[in-house]
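The residues of the chain are indexed from 1 along the displayed sequence. Nothing here was measured: the structure is a model prediction, and the numbers come from that model.
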Amino acid sequence: MSTHSNHPYHLVDYSPWPLTGALGTMIMVSGLIKWFHQFNINLMMIGIMIILLTMIQWWRDVVREGTFQGLHTFTVTMGLRWGMILFITSEVFFFISFFWGFFHSSLAPSIELGNMWPPIGIQTFNPLQIPLLNTLILITSGITVTWAHHSLIENNYNQALQGLFFTVILGIYFTILQSFEYIESTFSIADSVYGSTFFMATGFHGLHVIIGTTFLLVCLIRHMYNHFSSIHHFGFEAAAWYWHFVDVVWLFLYISIYWWGS
């Protein structure tokens with residue numbers, strides 16, 4: 001295709017990645033069904049590997065288009081911004097469903113739960129131990145990613161690098177602490193509605209932390225290769241928005257489930 005156009009839009013080239021992504025998803029879901037019925041995860045792992053390889057190569061192409069080919073004009077980046085805003089909005093409603101389930105059960109505990117919350121037999125976590133430390137970690141990481149963003153805007157390469165590095169380290173530290181918390185838990189996802197809502201809400205948040213940490217790690221590597229400038233760094237902005245969303249969701253989780261709910 002010609003690299004010249006008389007409009008500010010980006011008409012993408014032909015790509016195999018939507019096809020391989022759909023194929024990987026079909027294989028993964030088929031493998032998931034096989035895992036449920038035959039307790040064999042081989043097919044599901046093949047599907048996951050196809051999806052991961054597709055993601056890596058698809059996003060590699062997007063980085064090339066935006067950084068080296070100059071195809072991400074102002075009009076295109078505005079579309080990307082609105083896309084990210086709508087995606088985060090959908091994530092907000094995703095977590096609202098978990099909070100809805102939690103408060104539906106906790107505000108008016110049924111007789112099956114012993115008319116009390118937490119239900120009988122559930123030994124909850126102390127909100128002043130690991131949960132409070134994790135809260136401080138995420139708040140600090142929100143500060144460091146903002147520090148990195150402002151440094152990038154001011155063309156301060158070293159401080160942006162340091163801010164991103166500390167944010168990634170804090171994200172990994174949070175994940176390690178949450179895994180220790182899960183290991184030490186006295187209840188499981190099968191223990192009453194409390195266990196179900198607790199592990200679904202905190203588990204999906206933990207997954208979002210892992211995704212956000214990976215997102216920021218990619219931004220750190222891209223920054224080391226000078227992919228960002230003070231006026232053209234939407235990839236980093238999207239990662240920062242996502243990370244702030246993760247921070248806010250954790251604050252609601254900590255206040256409602258760890259502190260009030262215990």
Side-chain angles (χ1 to χ4, degrees), residues 8-13 15 17-26 28-29 47-48 50-67 71-102 138-139 141-142 144-146 148-149 152-153 164 167-168 170-172 174-175 178 200-223 227-228 231-253:
Y9 302 101
H10 176 204
L11 303 180
V12 297
D13 296 334
S15 172
W17 310 131
L19 181 61
T20 59
L23 180 67
T25 304
M26 184 184 71
M28 183 190 70
V29 173
I48 291 173
I50 294 173
I51 292 172
L52 288 175
L53 291 171
T54 298
M55 290 162 60
I56 290 168
Q57 293 172 104
W58 199 341
W59 289 333
R60 175 206 62 190
D61 290 351
V62 173
V63 168
R64 287 174 175 173
E65 291 164 359
T67 306
L71 297 173
H72 286 185
T73 62
F74 176 78
T75 302
V76 174
T77 55
M78 283 303 297
L80 293 173
R81 288 173 190 275
W82 277 110
M84 193 66 191
I85 290 169
L86 291 173
F87 169 69
I88 291 176
T89 302
S90 72
E91 292 281 272
V92 169
F93 283 95
F94 176 75
F95 277 99
I96 283 175
S97 66
F98 296 130
F99 285 108
W100 188 293
F102 175 79
L138 278 190
I139 291 174
S141 71
T144 56
V145 77
T146 303
H149 190 194
L152 190 57
I153 292 172
L164 267 172
T167 307
V168 171
L170 289 168
I172 294 170
F174 177 94
T175 302
Q178 190 171 41
M200 285 294 287
T202 61
F204 268 111
H205 176 268
L207 177 64
H208 281 70
V209 170
I210 293 171
I211 293 169
T213 304
T214 307
F215 202 169
L216 289 166
L217 178 61
V218 170
C219 288
L220 174 62
I221 295 169
R222 291 187 63 195
H223 180 62
H227 284 191
F228 300 130
I231 58 173
H232 193 84
H233 54 263
F234 175 70
F236 173 79
E237 276 189 303
W241 291 355
Y242 188 83
W243 196 251
H244 288 308
F245 159 74
V246 168
D247 287 351
V248 172
V249 169
W250 175 258
L251 289 176
F252 281 103
L253 282 172

Worked check of side-chain contact (heavy atoms from CB on, under 4.5 Å) between Thr73 and Tyr9: CA-CA 7 Å; Thr73 62; Tyr9 302 101; over 6 Å; no
Over 12 non-hydrogen atoms of neighbours within 6.0 angstrom of CG in Leu86: yes
Atom pair CD1/CE of Ile50 and Met28 - distance to nearest 0.5 Å: 11.0 Å
Residue list, side-chain hydrogen bond (donor to acceptor under 3.5 Å, both in side chains) with His227, at least two apart or on another chain: Arg222
Exercise: identify the closest heavy-atom pair between Gly235 and Cys219: O-SG, 3.7 Å
Flag side-chain contact, heavy atom, 4.5 Å: Thr213 against Ile172: yes
Nearest heavy atoms of Phe98 and Ala201, plus distance in Å: CB-CB, 4.1 Å
No-hydrogen, no-angle side-chain donor-acceptor test under 3.5 Å, Trp58 and Ser15: no
Min side-chain heavy-atom separation Pro8-Phe74 under 4.5 Å: no
Phe204, Phe99, Phe87 screened by ring-ring contact (aromatic ring centres under 6.0 Å, His included) with Phe94, the one that passes: Phe204
Flag, side chain of Thr175 to backbone of Ile210, donor-acceptor distance under 3.5 Å: no
Any Phe236 side-chain heavy atom under 4.5 Å of Leu164 side chain: yes
CD on Glu65 to CZ on Arg60, rounded to 0.5 Å: 10.5 Å
4.5 Å side-chain heavy-atom contact, His72 and Val62: yes
Mutual orientation of the aromatic rings belonging to Tyr242 and Phe245 [parallel < 30°, tilted 30-60°, perpendicular > 60°]: tilted
Shortest non-hydrogen contact between Gly21 and Ile51, atoms and distance: O-CG1, 4.4 Å
Taking every non-hydrogen atom, the tightest pair across Thr167 and Val145: OG1-N, 3.3 Å
side-chain hydrogen bond (donor to acceptor under 3.5 Å, both in side chains) partners for Gln57, two or more places apart: none
His205 side chain reached by Phe252 side chain, heavy atoms, under 4.5 Å: no
Side-chain heavy-atom pair Val12, Leu71 within 4.5 angstrom cut-off: no
Residues which pass side-chain hydrogen bond (donor to acceptor under 3.5 Å, both in side chains) with His208, listed by chain and number, not counting sequence neighbours: Glu91
Non-neighbouring partners of Thr20 that pass side-chain hydrogen bond (donor to acceptor under 3.5 Å, both in side chains), sequence neighbours left out: Thr54
Contact check, side chains of Thr146 and His244, non-hydrogen atoms, under 4.5 Å: yes
Pairwise distance CD(Gln178) to CG(Leu207) - rounded to 0.5 angstrom: 10.0 Å
Exercise: identify the closest heavy-atom pair between Asp247 and Ser141: OD1-OG, 3.8 Å
Geometric class of the His149/His233 ring pair [parallel <30°, tilted 30-60°, perpendicular >60°]: perpendicular
Qualifying residues under ring pair (Phe, Tyr, Trp, His ring centres under 6.0 Å), relative to Phe102, sequence neighbours excluded: Trp117
Nearest non-hydrogen partners of Trp243 and Val209, listed with the distance: CZ3-O, 3.6 Å
For Arg81, all residues meeting salt bridge (Lys or Arg N to Asp or Glu O under 4.0 Å), sequence neighbours excluded: Glu237
Heavy-atom side-chain contact between Trp241 and Phe234 under 4.5 Å: yes
